[in-house]
Number of protein chains: 2
Amino acid sequence: MARSGTTKKVTRIQREKIEQILNAALDVFSIHGFRGATIEMIASQAGLSKPNILYYFDSKEAIHTELLENLLDAWLDPLEKLSPDGDPVEEICSYVHRKLEMARDFPRESRLFANEILQGAPRILEDLKGQLRELTDTEAKIIESWAKQGKIRPVNPYHLIFSIWATTQHYADFDVQVHAVLADRADGWFEQASQFLDTMYRATLTPDKG
Amino acid sequence: MARSGTTKKVTRIQREKIEQILNAALDVFSIHGFRGATIEMIASQAGLSKPNILYYFDSKEAIHTELLENLLDAWLDPLEKLSPDGDPVEEICSYVHRKLEMARDFPRESRLFANEILQGAPRILEDLKGQLRELTDTEAKIIESWAKQGKIRPVNPYHLIFSIWATTQHYADFDVQVHAVLADRADGWFEQASQFLDTMYRATLTPDKG
DNA sequence: TGAATTTCTGACCAATTGGTCAACATTATG
DNA sequence: CATAATGTTGACCAATTGGTCAGAAATTCA
């Protein structure tokens with residue numbers, strides 16, 4: 001059959017196998033990147049044969065594309081939830097918390113994204129310059145307005161957002177390093193990180209008295 | 001000849017070509033990762049033929065190894081310069097600044113490192129668990145002692161360090177994303193980031209009054 | 001200058017890899 | 001239960017890739 005665009009009945013087997021393949025592909029692509037991954041790796045991870053993979057997807061690229069498309073929406077979702085009406089410091093801290101949870105619960109997705117960006121984002125640069133840029137502009141304006149009202153310390157909103165992305169995704173993308181450094185302390189990393197980031201962003205955002 | 005360990009006279013041509021090759025290899029590996037890079041890419045980037053590359057290095061792996069070995073020392077250097085006797089907040093802020101300069105001046109090295117970690121650090125895990133872990137422990141103790149003396153706000157020193165690595169390296173590793181989001185504002189990114197991070201870490205570290 | 005040494009390359013090899021296909025196996029369905 | 005539709009695979013192909021090698025070209029040095 002080969003997964004092309006046309007609307008066709010999707011059988012139970014198709015649903016299951018496609019799910020299996022995407023899951024295995026996420027494992028493989030998130031570690032090895034696009035060029036470093038092979039269809040054979042994905043097949044073996046999924047417990048299927050190589051031709052069987054290519055029965056469900058037209059090509060290696062098609063699998064990768066599918067994963068990236070699913071990814072971007074989920075990835076941007078937490079940012080959209082910044083509410084202009086809430087308490088600014090709480091809004092931002094809970095955004096940090098949501099992002100940290102994502103690093104914990106979806107590390108493969110984080111690494112897939114990191115791999116793509118590291119390679120110059122060849123397949124999603126347009127989305128970054130479109131969707132992501134617009135969304136970030138919107139949220140930056142909210143943050144800026146909070147600053148103007150004196151509700152938070154005046155900081156560059158874009159770099160505040162970058163720092164949140166960086167500090168939270170770090171726990172997924174650099175997981176190996178975090179564990180190597182923390183060694184036996186690594187068990188509680190999530191709570192420690194959560195607490196530290198909370199402290200840091202509260203201190204950063206709470207305006208000086210006077 | 002083939003670069004093996006034995007001590008041998010190094011000619012002018014050898015010095016130059018090896019330099020050329022490593023430089024080209026840094027370009028290629030930092031973007032495509034180890035498996036994604038090919039000797040042909042490196043050769044073409046260096047303006048040499050493929051067999052010529054293999055005349056100077058035993059294998060693709062040998063080039064990669066050489067780069068990683070050179071990298072780790074340079075990478076850890078700024079951390080070693082935290083002086084227990086200086087003013088704590090200034091010491092940490094100037095560490096942040098040095099790391100941000102490295103992200104600006106050596107983005108390829110940052111990406112090479114990021115690629116390696118993302119892939120599970122197969123070639124440097126031992127160094128991370130040894131050198132890096134020890135060094136981090138040492139610096140963490142210094143930071144902890146500052147906190148105990150009330151010179152900085154008490155925060156988890158490891159996660160403070162992680163946050164510094166994350167926020168600074170982000171500008172090298174996620175460069176494409178930063179530029180996509182900042183668009184025409186991207187020109188001044190270094191000064192903006194420097195200022196933001198300075199504000200953030202001063203706010204985080206300066207102890208509360210009372 | 002000319003022999004010794006170093007540098008360089010075209011041609012080649014074997015392994016890997018993305019992808020195809022004919023035929024076989026299984027599952028759905030009239 | 002027979003037949004059509006769907007699912008699966010071994011065998012295969014062409015392109016890519018890491019690496020070799022004999023010998024040609026350039027460089028060094030006595």
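Reminder, nothing fancy here: chain letters follow the sequence lines and each chain counts from 1.
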A quick test of your reading: do over 12 heavy atoms of other residues, nucleotides or ligands sit less than 6.0 Å from CD of Gln195(A)?
no
Nearest to the side chain of Lys50(A), which nucleotide is it out of dT8(D), dG19(C), dG7(D)?
dG19(C)
Going by an N to O cut-off under 4.0 Å, is there a salt bridge joining Lys81(B) and Glu91(B)?
no
Do the side chains of Gln192(B) and Phe162(A) get nearer than 4.5 Å, heavy atoms only?
no
With respect to the side chain of Asn52(A), which nucleotide from dG19(C), dG7(D), dT9(D) is positioned closest?
dT9(D)
Ile13(B) atom CD1 is separated from dC29(D) atom P, nearest whole Å, by 11 Å
Does the distance from a Lys or Arg side-chain N to an Asp or Glu carboxylate O, for Arg15(A) and Glu19(A), drop under 4.0 Å?
no
N or O in side chain of Tyr55(A) less than 4.0 angstrom from dG7(D) OP1/OP2:
yes
What are the two closest non-hydrogen atoms of Ala203(A) and Arg153(A), and how far apart are they?
O-NH2, 3.1 Å
Below the 4.0 Å mark, does dT6(C) have OP1 or OP2 next to a side-chain nitrogen or oxygen of Gln14(B)?
no
Is there a side-chain polar atom (N or O) of Thr11(A) under 4.0 Å from OP1 or OP2 of dG7(D)?
yes
I need the CZ-C1' distance between Phe57(B) and dC8(C), as an integer number of Å.
16 Å
Identify which nucleotide among dT9(D), dG10(C), dT27(C) has an atom closest to any side-chain atom of Pro51(B), counting heavy atoms from C-beta outward.
dG10(C)
At less than 4.0 Å, is any side-chain N or O atom of Arg12(B) found next to OP1 or OP2 of dT28(D)? Yes or no.
yes
Nucleic acid contacts - residues 21-45 of chain A versus DNA chain C, non-hydrogen atoms under 4.0 Å:
Ala37(A), Thr38(A), Ile39(A)
Tell me if the centroids of the rings in His159(A) and Tyr171(B) come within less than 6.0 Å of each other.
yes
